[in-house]
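Whatever order the structure lists them in is the order used to number ligands and atoms, beginning at 1. Here, residue 1 is the first one in the sequence, and each next residue gets the next number.
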Amino acid sequence: MRKLVVGNWKMHGGLDANAALLGALREAGGQGCPSAVCVPFPYLQQAKSLLEGSAIAWGAQDLSEHAVGAYTGEVSGAMLNDFGCRYAIVGHSERRALFGDTDERVAAKVDAALAVKLQPILCVGETLDEREGGVTEAVVERQLKAVFERGGAAALAACVIAYEPVWAIGTGKTATPAQAQAVHAFIRGRLAAWCGADVAARTTILYGGSVKPQNAAELFGQADIDGGLIGGASLVAGDFLAIVAAAAS
Ligand code: 13P
């Protein structure tokens with residue numbers, strides 16, 4: 001099953017608000033579609049204790065490319081494993097734009113996640129300038145290729161891919177279903193070329209960027225869109241659950 005919906009809380013939350021949100025998700029169950037929440041590091045223990053045994057998985061929003069050592073402020077994949085994470089988002093555009101995550105570092109982080117059997121959610125996507133400059137496919141290809149060149153077909157094949165056009169993140173400006181589908185089909189084509197048709201067919205490719213209950217069904221109805229990576233709407237239980245339900249149907 002390729003379907004998946006993941007909430008990316010970003011730097012939001014607090015113990016009380018999280019308890020209410022996680023409790024509501026747990027109570028609603030899986031809604032017939034695999035789902036997960038990627039929470040800030042300090043709340044991983046809370047996610048673990050409130051979601052363990054439920055249909056909802058949890059994960060982190062980043063990890064270090066290093067396994068262990070003198071790296072002040074960093075969090076390793078092994079540490080994420082201690083808190084039962086299934087997923088780690090890697091290469092989110094906010095990390096790329098604001099925190100210096102280059103294509104090469106993102107590829108190293110994918111390797112670091114796989115080394116401890118975490119599933120990377122590898123984010124790719126173009127800025128508005130890049131889209132208007134007609135280089136969307138070249139940018140997405142370059143971002144994917146960095147992972148392929150470092151870790152080979154096995155690394156790329158082990159990722160969930162998330163296409164997140166930077167201009168659609170947090171802006172309320174969603175890519176049209178046709179715009180998103182075109183890039184998703186391109187990504188699946190690259191996977192087929194580098195990793196083989198079987199891998200391409202089974203890889204989950206999520207769309208992210210202003211997904212809301214109102215637009216989720218149409219986006220998820222596209223042939224190559226397998227679900228979503230949800231920012232703002234994942235902070236509201238009813239909205240997140242409605243998006244999960246849209247992916248299930
Ligand atoms: P929004 O859903 O808030 O646009 O964020 C998308 C995103 O960046 C998910 O990783």
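Selection from Gly232, Gly208, Ser210, Ala162 by nearest heavy atom to atom 3 (O) of ligand 1 gives Gly232.
The distance from atom CD of Glu65 to atom OG of Ser76, rounded to the nearest 0.5 Å, is 11.5 Å.
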Inset, instruction - Tell me, with the steps shown, if Leu122 and Val160 meet side-chain contact (heavy atoms from CB on, under 4.5 Å). - result: CA-CA 6 Å; Leu122 169 63; Val160 167; over 6 Å; no
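For ligand 1, the polar-atom distance check finds an N/O of Glu164 within less than 3.5 Å of one of the ligand's N/O atoms. When only interatomic distances are considered, the shortest N/O to N/O separation between Ile230 and ligand 1 does not fall below 3.5 Å. At least one N or O atom of Lys10, backbone or side chain, sits closer than 3.5 Å to an N or O atom of ligand 1. Among the atoms of Gly231, some N or O lies under 3.5 angstrom from an N or O of ligand 1.
Of all atoms in ligand 1, numbered sequentially from 1 with element shown, those under 4.0 Å from a heavy atom of Gly209 are 4 (O), 6 (C). When each atom of ligand 1 is checked for a heavy atom of Gly170 under 4.0 Å away, the hits are 1 (P), 3 (O), 4 (O).
Across all their heavy atoms, Leu51 and Trp58 have their closest contact at CB-CE3, 3.7 Å. In this structure, Ala153 and Trp194 approach most closely via the heavy-atom pair CB-O, 3.8 Å.
Classification of Arg96 and Asp101 as a salt-bridged pair fails, no side-chain N sitting under 4.0 Å from a carboxylate O.
A side-chain donor-acceptor contact under 3.5 Å links Gln61 to the backbone of Lys10.
Contacts of Ala168 with ligand 1, taken as heavy-atom pairs under 4.0 Å, involve the backbone alone. Contacts between Asn8 and ligand 1 below 4.0 angstrom, taking non-hydrogen atoms only, involve the side chain exclusively.
Side-chain contact between Ile89 and Cys123 is present, with at least one heavy-atom pair separated by less than 4.5 Å.
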